[in-house]
Structures are given as structure tokens and as C-alpha cells.
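Accompanying notes for the structure given below.
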Amino acid sequence: MDAVIKYFLPLVYGILILWLIGRNRWLRTEGLKPAGALAFTFAKMATGMVYTFIMIRYIPSAKADIDLFFGDGLEMYQRFWQDPAGFPSYLADVFTITDFRIGETDSDFIRTVFDGIKFIHFLLDFLSGGHIYTNVLLFNGLASFLFLRCWVYLRKIFAHPWLGFWMFLFPSAFFFTSVVLKEGIELCLIAAIIPALYKLNENARPVRFLGILVLFFLLFFFKYLIAATFIMLLFIYFFLKRFPKWAILKVSVFFGLLTLVFFGADKLVPALNLPNYIVERRIEFLALDANTELNMKKLEPTFSGFAEVFPEAVFNVLFRPVPGEVVKPFYYLFLAELYALWLFILFVIVHFLKKLRLLSPTPEAVALLIFGIVNLLIIGYTITNTGAIIRYRSIFLPCIGYFFFNLLLVYPSFFSKNRFLSMLSSLFFRAKNP
């Protein structure tokens, strides 16, 4: 029986997921080639299995996370079978929040977020029989469908095939969202929200509005800062789309207001002491035993304290790891990715300087840039070891890359003459744009 659960069951699920994705008529109708969808799904599932193996075998802190979330989820699963009648009462106790200080790391709210990840493992255990690798495979099968579906709608919104899919092909985001942890869950929820918003705009049905509220609630539950900044992204996008003039001035005013909210929210809602939350999270990371721990300045929960640490936070989140820094070997793949991104940004800047043209980003590019910058700053202020920085920033670096990639759209010849993009695009979608 153990052999069936460990080897046969994941093989059956893998084949079934690939068959369902490849035969999905809606994806084909929307212009996505089955070969591309299958390649993406297979790569996503395989990446999840490899990343899980690496974490369990070579990263003690990551193994501790897996032991916590998967182990407690499995315990929850076993408890269900031991006492099905009493399980709803047990579950209600688990998710009861009496201390709703979302800005405090020792509150019931933060503890319940971890229970939410365990609950996802609990649900997957019904299909996997309590096998971690099968859980990861099933999670990535669902994630692949959500990402492919989101790409279809981003293609409609942006009216360009590459601007949406860039987000999901970015190597670090592709890798670090392939396990059942916060990063993967958060990106899955965002990938579900975007199509829901598009469909609501087309036909404002009450059931769709209710579905969006549920998705936003889940995003807020798992990472309230990302939920808040994602709502900010949507607001900026629709505002700049409606009022495109003086975009730079508007963005500057917005950042000023955002700073006031960050340092003054606790004056209106005492539970929202955001500077103190960042400081406490930083202290928690300092307490972790990590081989890649950075020697960082002490952070005070004041405006001057954050201003003093600002250069260090920016450098850590945008340039770590530096060559020669002690990190695990596979992290160097993401060092190469980071340098490739900066070379690409430098190329775009030089290209525009040579042409003596003004930057003309679209509203979604500006919104994504701000979304990425705000969350990267939170990471830079909070995380104190290189390994965690690489992992947490993975879903936000594509936002920075997207902004500069978007600028090149003013030069259609760049895309038509680029053989790599043409080859890659022919794998995933038909030549005709929607």
C-alpha cells in the first residue's frame, strides 16, 4: 500500500492533470496551444517535486517549515478520521480568532494564517493519502491551470500576448511558488482574482462579486500586506487609465500619502502599527539560525529609523546575493537571473537615452512597478538572511521587469526581430492576437 501511495498514485495524478490541461477546450479556444500548456504544467509539477526534495534534504530551516505545515496538516487529517463527528468543533477552535492584532506577530491572527496552510495540506491529504510529494504535485496542477487561465485574461486586458505571461515564466517566481507555502498560495489567489475582476466588468452578477470578496478575503488572510498593496495596484491602474495625464506627479503624491498611512495608521486604528510590525518581523528573522544571515543595522519603528536603514534595505533586496557571498549552490541560478534583469533594465535605459525619447509606460506597468517596489521594500526592511530574501522577492521581481519590458512596446520591430521571443511565443500561443 505504501508503494502505491508513494509511486503509483502521483504518476496517475500527473498523467490525469496533463490530460485535463491538454484537452481543455476553453484554453485552446482562447489561443493557447496544448503543447505549450502541457510543457508549462509538466515543468511546474516537476519543479515543485525538485524544490521539495531540495528543501527536505539540504535546507534545515525549509525542512522545519514543511515538517510544521505538512506534519500538522497530516495530524489534522488523522484527527478527522478518528472523530469525524467532533471534527467541525475542533476546526472551529483552530480558526477562532480572539486576538485580532494583525500588526502584531504574536497575535491569534498570525497564528491562524499558519493553520490555514496546514488546512490546505489537510484537504490535499484526502487525495494523496498523506504523501507530501503528491500534495505538491496536486497543488502545482491547480496552480498551472490558474496561471494559464490568468494569462488568457491578461492577454485580453493588455492586448499583447507577452505582457501577461512574463509574470509566470520568471524563473525565481516559477520556482519558489511551486510548493504549498505562502508565495505559491498568494500568487494562485492573485491569478484567480484577475479573471474574476475581468468577468465582473463584463457582466456584474452578484455571484461573481461574492466570489471576488471571498478571494480577496483569502488573500488578506494569508498575507494582508500583499492584499492591501494588490488593492492599491488595482486602484492605481484604474485611476491612471481614467486620468492618464501628469502620471509622475500623481504617483509622487500617492507615495507621499502611502508614507503617511504607513507611519500614521495606528493613530486611527491602534492594531495597525505597521512600523512596529516590520520591526518585530525583522527581530523574528534575526532569531532564526541561518547560514546566510546578514549583518544589518538595528531598525527603529520611526520615520528617521526607516530612513537610516533605507539604503541597506534597497541594496539587500535588489542586489543580494553578491558574488562570493556564502549561499547554497542553487541560489547562484537566481543570482544569474538578478544580474540578467539588471542588464536588461540597463539596456532599456540606454536604448531610450540613445533615442532621446521620453518613457511612456502604460497604466498597468506603473501600477505593477509601484506594487513591486512597495513589497520589495517591505522585504528589504524585514528579511535578514539572503536565502529568505531570494525566496520572498521572487513574486515581485517580475513586476519590475514588466515595467521595463512594457517600455519596449513603442518599438514593435524589437519583438518582430527577436528570434528568441518569436520561438518561445510560437510554443505557447497562436500568432494571431485576441
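Not measured: the values here are computed from a predicted model.
Of the residues Phe114, Phe70, Phe139, the one that meets the ring pair (Phe, Tyr, Trp, His ring centres under 6.0 Å) test with His121 is Phe70. Considering Arg391, Lys223, Arg393 as possible partners of Glu183, the one that fulfils the side-chain hydrogen bond (donor to acceptor under 3.5 Å, both in side chains) test is Arg391.
Note: Tyr224 and Tyr277 meet the aromatic proximity criterion, with ring centroids under 6.0 Å apart. Aromatic ring centres of Phe119 and Phe122 lie closer together than 6.0 Å. Between Phe347 and Phe404, the distance separating the two ring centers is not shorter than 6.0 angstrom. Checked against the 6.0 Å centroid criterion, the rings of Phe262 and Phe306 qualify as a close aromatic pair. Taking the six-membered ring for Trp and the full ring otherwise, Phe174 and Phe40 have centroids separated by under 6.0 Å. Checked against the 6.0 Å centroid criterion, the rings of Tyr153 and Trp26 qualify as a close aromatic pair. Aromatic ring centres of Phe243 and Phe239 lie closer together than 6.0 Å.
At a threshold of 4.0 Å, the pair Arg320-Glu312 does not count as salt-bridged, since none of the basic side-chain nitrogens sits closer than that to a carboxylate oxygen.
For the pair Leu233 and Thr229, the minimum side-chain heavy-atom distance is 4.5 Å or more. At a threshold of 4.5 Å between non-hydrogen side-chain atoms, the residues Ile378 and Val317 do not count as touching. Side-chain contact between Phe396 and Ile226 is present, with at least one heavy-atom pair separated by less than 4.5 Å. Under the 4.5 Å side-chain criterion, counting only non-hydrogen atoms from C-beta, His131 is not in contact with Asp125. Residues Ser172 and Ile390 are not in side-chain contact: their nearest non-hydrogen atoms beyond the backbone lie 4.5 Å or more apart. Looking only at side-chain heavy atoms (C-beta outward), Phe371 and Ile236 stay at 4.5 Å or farther from each other. Side-chain atoms of Phe170 and Leu341, non-hydrogen and from C-beta on, do get closer than 4.5 Å to each other. Put simply, the side chain of Leu154 does not reach to within 4.5 Å of the side chain of Glu364, judged on heavy atoms.
Taking all atoms of both residues into account, the shortest heavy-atom contact from Cys150 to Ala191 is CB-O, 3.4 Å. In terms of heavy-atom proximity, Leu148 sits nearest to Ala37 at CD1-CB, 3.9 Å. Shown here for Leu138 and Leu127, the closest heavy-atom pair between the two residues is CD1-CB, 3.6 Å. Among all heavy-atom pairs drawn from Tyr381 and Arg282, the shortest one is O-NH1, 2.6 Å. Among all heavy-atom pairs drawn from Pro321 and Thr386, the shortest one is CB-CG2, 3.6 Å. Between Val374 and Leu258, the closest heavy-atom pair is CG2-CD2, 3.7 Å.
To the nearest 0.5 Å, atoms CG (Leu225) and OG1 (Thr382) are separated by 8.5 Å. Going from atom CG of Leu189 over to atom CG of Leu219 covers 5.5 Å, rounded to the nearest 0.5 Å. Rounded to the nearest 0.5 Å, atoms CZ (Phe221) and CZ (Phe95) are 5.5 Å apart. Atoms CD and CG, on Glu186 and Leu218 in that order, are 12.0 Å from each other to the nearest 0.5 Å. Atom OG1 of Thr112 is separated from atom NZ of Lys118 by 9.5 Å, given to the nearest 0.5 angstrom. The CD1 atom of Ile190 sits 12.5 Å away from the CD1 atom of Ile185 when rounded to the nearest 0.5 Å.
For Phe319, the CZ atom counts as densely surrounded, since its 6.0 Å shell holds more than 12 non-hydrogen atoms of other residues, nucleotides or ligands. At most 12 non-hydrogen atoms from other residues, nucleotides or ligands lie less than 6.0 angstrom from CZ of Phe310. Heavy-atom contacts from other residues, nucleotides or ligands closer than 6.0 Å to OH of Tyr13 number more than 12. Heavy-atom contacts from other residues, nucleotides or ligands closer than 6.0 Å to CZ of Phe217 number 12 or fewer.
Looking at Asn201, its side chain never comes within 3.5 Å of a backbone N or O of Leu197 through a donor-acceptor pair. No donor-acceptor distance shorter than 3.5 angstrom exists from the side chain of Trp19 to the backbone of Gly14, with no hydrogens or angles considered. Listed for the Tyr237 side chain is no donor-acceptor partner under 3.5 Å among the backbone atoms of Leu368. Looking at Arg208, its side chain never comes within 3.5 Å of a backbone N or O of Ala196 through a donor-acceptor pair.
Using modelled atom types and a 3.5 Å distance limit, the side chains of Asn140 and Ser178 yield no donor-acceptor pair.
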May I have the step-by-step check of ring-ring contact (aromatic ring centres under 6.0 Å, His included) for Phe176 and Phe334, ending in yes or no?
CA-CA 11 Å; Phe176 288 108; Phe334 305 111; 4.9 Å; yes
Kindly determine whether Arg28 and Leu32 satisfy side chain to side chain contact (heavy atoms under 4.5 Å, CB included), including the steps that lead there.
CA-CA 5 Å; Arg28 294 203 305 271; Leu32 190 63; over 6 Å; no
Please walk me through it: do Leu137 and Ile17 pass side chain to side chain contact (heavy atoms under 4.5 Å, CB included)?
CA-CA 9 Å; Leu137 186 146; Ile17 289 168; 3.7 Å; yes
Before you tell me yes or no, could you show the steps for Leu142 and Leu146 under side chain to side chain contact (heavy atoms under 4.5 Å, CB included), namely the whole-Å CA-CA distance, both residues' side-chain angles and the distance that decides it to 0.1 Å?
CA-CA 6 Å; Leu142 174 63; Leu146 291 174; 4.1 Å; yes
Under the side chain to side chain contact (heavy atoms under 4.5 Å, CB included) rule, what do Leu20 and Asn24 come out as? Steps first, then yes or no, please.
CA-CA 6 Å; Leu20 290 173; Asn24 190 288; over 6 Å; no
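Classification of the Phe344-Phe405 ring pair by plane angle, with boundaries at 30° and 60°, yields tilted. Note on ring orientation: taking the six-membered ring where Trp is involved, the planes of Phe175 and Tyr51 are tilted (angle from 30° to 60°).
Checked against salt bridge (charged side-chain N to carboxylate O under 4.0 Å, His left out), Arg149 has no partners two or more places apart in sequence or in another chain.
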